[in-house]
**Q** 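Sharing a structure with you now.
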Protein chains: 2
Amino acid sequence: MLSSIHSRAVTIRPRRYQKLAVACEADEVVYFVRAGALALSAGLPNGRRQILSILYPGDVFRSALTPSPALTGLSAVTASAEVWRLRWPTFEALAAGDSALQQLFDSLITDQAARLAMHIAIIGSLGADERVASFLVEIALRLGAPVAGGIAFEIPLTRTDIADYLALNADTVSRIMSRLRAKGVLAQSGRSLMICRDMKALESQSPFSAALQQICARARRAR
Amino acid sequence: MLSSIHSRAVTIRPRRYQKLAVACEADEVVYFVRAGALALSAGLPNGRRQILSILYPGDVFRSALTPSPALTGLSAVTASAEVWRLRWPTFEALAAGDSALQQLFDSLITDQAARLAMHIAIIGSLGADERVASFLVEIALRLGAPVAGGIAFEIPLTRTDIADYLALNADTVSRIMSRLRAKGVLAQSGRSLMICRDMKALESQSPFSAALQQICARARRAR
DNA sequence: CGTAGATTTGAGTTCTGTCAAATTTTGTGG
DNA sequence: CCACAAAATTTGACAGAACTCAAATCTACG
């Protein structure tokens with residue numbers, strides 16, 4: 001199924017912060033994330049930025065589901081990434097003849113809407129420590145791999161990006177992660193490689209860890 | 001087109017805070033809001049609540065596009081409301097034979113995703129005054145009617161609901177609205193009826209007023 | 001007309017943002 | 001492989017915005 005998409009798609013390898021077009025000659029477009037991570041972000045006149053959602057490998061992006069391009073932009077947040085791009089009509093034609101693809105796409109889009117809703121709940125109702133914990137739980141679920149002393153994962157965002165995602169400030173994010181390190185919950189090697197030594201403790205700090213697990217499990221089932 | 005929906009739908013008139021089922025015997029459901037307003041909200045273990053989105057007359061709600069029912073709930077926020085409910089399979093069959101309906105539904109769902117994204121941007125990147133201003137601009141656009149001294153609209157939410165929507169605190173919302181009243185931007189009669197005497201001033205306080213207008217215009221065109 | 005509930009307002013506190021400086025990482029060129 | 005420069009992160013001190021709590025006031029509704 002993926003190979004049929006690949007054969008009709010344009011493969012793009014954007015570098016960090018490179019923008020991806022959300023339209024192609026008036027046609028809506030669809031992106032399939034293969035490696036790295038993308039962020040859909042809203043820019044403000046005053047220079048502030050809010051990341052609306054982060055797309056990991058396996059996720060899709062459909063440009064119709066965002067506010068005007070004047071407000072929002074899609075870009076890579078990892079040093080490098082790989083995405084496949086199709087025009088919407090091309091994808092639609094492909095999906096029309098492939099009900100499994102259709103179903104996969106629906107379920108991916110649905111999951112994404114659920115994650116958007118989750119994101120609002122996290123930003124709106126949690127304090128800074130809880131937000132960071134929720135973010136780490138999500139990353140661990142999406143990108144984590146069990147290793148000797150816990151679960152290892154690479155955070156594909158800079159502290160500033162994490163802050164923009166969580167509606168916090170980079171300094172605050174750094175402070176909270178230092179605290180987690182001091183408590184022995186997190187171990188860090190280099191800037192982005194983390195090992196969570198105590199997943200239970202991390203989860204207990206996120207009021208939404210159960211919901212995050214549920215969303216993630218549903219997504220895994222679909223793939 | 002609406003009458004064909006109406007004839008297949010169950011009409012419900014929920015009272016304030018009455019919950020609406022997001023599933024009907026394992027079937028997904030679709031709601032069409034006809035009067036009043038609904039809120040999709042997430043509840044937290046600690047009793048806090050976050051309203052994810054507000055649905056006004058003309059909006060639709062599809063239960064697949066939310067996280068687990070354990071986390072979120074749909075309920076009326078006005079004293080009374082009217083909604084039409086259909087099971088997803090029923091609606092799907094109806095839409096299959098009516099491309100205009102299909103198109104309308106798509107565009108309503110799309111608008112809603114855009115509004116969710118907008119909501120994240122508002123909550124995440126704006127200060128309290130800007131959030132309230134944005135909310136009032138949105139309400140004025142959706143529900144406002146021009147009258148002698150400005151634009152009149154009825155706020156269909158309590159202060160607490162507004163606070164839960166904007167990720168603020170009811171006291172703070174009240175304080176900000178008092179300030180707007182003192183500045184002569186807003187006039188109030190009773191608890192919920194407002195007249196905005198200076199729309200320009202209000203818009204200038206919301207960095208997203210242009211984007212809100214765009215979303216609203218697009219929605220109006222679709223209807 | 002009275003009451004229950006919602007809103008308003010003030011005072012004090014807490015959390016997070018801001019700014020600046022020190023430190024660590026990363027990436028590049030020799 | 002090492003040194004160096006640029007960039008990201010960390011940390012501390014301080015300021016300010018928004019929250020909490022409590023009391024007063026107002027509305028809606030029976």
Side-chain angles (χ1 to χ4, degrees), chain A residues 15-17 39 44 46-50 77-80 122-136 154-183 186-194 205 207, chain B residues 15-17 39 44 46-50 77-80 122-136 154-183 186-194 205 207:
Chain A
R15 315 189 129 263
R16 198 194 299 269
Y17 301 140
L44 270 80
N46 68 10
R48 292 186 86 135
R49 176 175 88 125
Q50 174 66 48
V77 284
T78 43
S80 66
I122 288 173
I123 285 181
S125 66
L126 301 185
D129 300 81
E130 296 170 323
R131 291 187 213 177
V132 173
S134 302
F135 171 75
L136 291 172
E154 188 148 348
I155 296 187
L157 308 175
T158 66
R159 296 290 179 274
T160 302
D161 289 331
I162 298 172
D164 287 348
Y165 179 63
L166 296 175
L168 292 171
N169 167 304
D171 308 51
T172 303
V173 172
S174 175
R175 244 180 281 271
I176 291 168
M177 292 183 66
S178 299
R179 219 175 297 152
L180 288 172
R181 227 177 299 134
K183 278 195 266 185
L186 221 57
Q188 195 170 343
S189 89
R191 231 155 223 168
S192 62
L193 187 62
M194 300 280 170
Q205 287 204 34
Chain B
R15 314 189 131 264
R16 196 193 299 272
Y17 302 140
L44 269 80
N46 67 10
R48 292 187 84 136
R49 176 175 88 124
Q50 174 66 46
V77 284
T78 44
S80 67
I122 288 173
I123 283 181
S125 66
L126 301 185
D129 301 84
E130 295 170 324
R131 290 186 214 178
V132 173
S134 301
F135 171 75
L136 292 171
E154 189 149 345
I155 296 187
L157 307 176
T158 66
R159 297 288 179 275
T160 302
D161 288 331
I162 298 172
D164 287 347
Y165 179 63
L166 296 175
L168 291 171
N169 170 304
D171 308 51
T172 304
V173 171
S174 174
R175 248 180 279 272
I176 291 168
M177 292 184 66
S178 299
R179 218 174 298 151
L180 288 172
R181 228 178 297 134
K183 278 196 267 186
L186 221 56
Q188 196 171 341
S189 90
R191 228 153 225 171
S192 62
L193 187 61
M194 301 279 171
Q205 286 203 35

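Computation of the quantities below employed the complete heavy-atom set of this structure, encompassing side-chain atoms and omitting hydrogens, waters and symmetry-equivalent molecules. So you know, we letter chains A, B, ... as the sequences are listed, proteins then strands, and number each from 1.
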**Q** Under the side chain to side chain donor-acceptor pair (under 3.5 Å) rule, collect the residues that match up with A:R191, sequence neighbours excluded.
**A**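 Scan of A:R191 (side chain to side chain donor-acceptor pair (under 3.5 Å), adjacent residues dropped) gives none.
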
**Q** I'd like to check the side chain to side chain donor-acceptor pair (under 3.5 Å) partners of A:R48; sequence neighbours left out, ordered by chain and number.
**A**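 A:R48 satisfies side chain to side chain donor-acceptor pair (under 3.5 Å) with no other residue.
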
**Q** Write out a two-atom table: protein N or O, nucleotide N or O from nucleotides 4-8 of chain D, distance below 3.5 Å.
**A**
| unit_1 | atom_1 | unit_2 | atom_2 | d |
| --- | --- | --- | --- | --- |
| D:dA8 | N3 | A:R191 | NH2 | 3.2 |

**Q** Do B:T158 and B:Y17 have side chains that get closer than 4.5 Å, going by heavy atoms?
**A**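 Side-chain contact under 4.5 Å: yes.
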
**Q** Salt bridge (Lys or Arg N to Asp or Glu O under 4.0 Å): which pairs involve residues 155-177 of chain B, sequence neighbours left out?
**A**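 For residues 155-177 of chain B, and leaving out neighbouring residues, the salt bridge (Lys or Arg N to Asp or Glu O under 4.0 Å) pairs sorted by first residue read B:R49-B:D161, B:R49-B:D164.
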
**Q** Could you state the atom-to-atom distance from CG of A:L193 to P of D:dT9 in whole Å?
**A**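 That distance rounds to 15 Å.
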
**Q** Rounded to whole Å, please give me the gap between CD in A:E154 and C1' in C:dT25.
**A**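 It is 14 Å, rounded to the nearest whole Å.
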
**Q** Apply side chain to side chain contact (heavy atoms under 4.5 Å, CB included) to A:E130 and list each qualifying residue two or more places apart in sequence or on a separate chain.
**A** A:L126, A:P207

**Q** Does A:Y165 have any ring-ring contact (aromatic ring centres under 6.0 Å, His included) partners at least two apart in sequence or in another chain, and if so, which?
**A** A:H119, A:F135

**Q** At a cut-off of 3.5 Å, list every protein nitrogen or oxygen paired with a nitrogen or oxygen from nucleotides 20-22 of chain C, distance to 0.1 Å.
**A**
| unit_1 | atom_1 | unit_2 | atom_2 | d |
| --- | --- | --- | --- | --- |
| C:dA20 | N6 | A:D171 | OD2 | 3.4 |

**Q** Under the rule for side chain to side chain donor-acceptor pair (under 3.5 Å), what residues qualify as partners of A:S178, not counting sequence neighbours?
**A**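 If we apply the side chain to side chain donor-acceptor pair (under 3.5 Å) test to A:S178, skipping adjacent residues, there are no hits.
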
**Q** Can you tell me how far the CD1 atom of B:I155 sits from the CD1 atom of B:I162, to the nearest 0.5 Å?
**A** 4.5 Å

**Q** Check whether any side-chain nitrogen or oxygen of B:Q188 sits under 4.0 Å from OP1 or OP2 of D:dT27, and answer yes or no.
**A** no

**Q** Anything under 3.5 Å between a protein N or O and an N or O of nucleotides 17-19 of chain D, put it in a table, one pair a line.
**A**
| unit_1 | atom_1 | unit_2 | atom_2 | d |
| --- | --- | --- | --- | --- |
| D:dA18 | OP1 | B:A128 | N | 2.7 |
| D:dC19 | OP2 | B:T172 | OG1 | 2.6 |

**Q** B:R16: which residues meet the salt bridge (Lys or Arg N to Asp or Glu O under 4.0 Å) condition with it, sequence neighbours left out?
**A** none

**Q** Figure out the CE/P separation between A:M194 and C:dT25, and round it to whole Å.
**A** 11 Å

**Q** Could you list the residues that satisfy side chain to side chain donor-acceptor pair (under 3.5 Å) with B:R181, not counting sequence neighbours?
**A** B:Q188

**Q** Think A:S178 has a side-chain N or O under 4.0 angstrom from the OP1 or OP2 of D:dT9?
**A** no

**Q** Is the shortest heavy-atom distance from the side chain of A:Q50 to the side chain of A:I123 under 4.5 Å?
**A** yes

**Q** Give me the bend of the helix from C:dC1-D:dG30 to C:dG30-D:dC1, using the axes of the five pairs at each end, rounded to 10°.
**A** 50°

**Q** Atom CG in B:L136, atom CE in B:M194: separation rounded to 0.5 Å?
**A**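 Taking CG in B:L136 and CE in B:M194, the distance rounds to 7.0 Å.
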
**Q** NA contact type, A:R179, heavy-atom cut-off 4.0 Å: base, sugar-phosphate, or nothing?
**A**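 No contact.
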
**Q** Do you know which two heavy atoms are closest between A:V77 and A:A39, and how far apart they sit?
**A** CG1-CB, 3.5 Å

**Q** What is the distance, to the nearest angstrom, from the CZ atom on A:R15 to the C1' atom on C:dT26?
**A** 14 Å

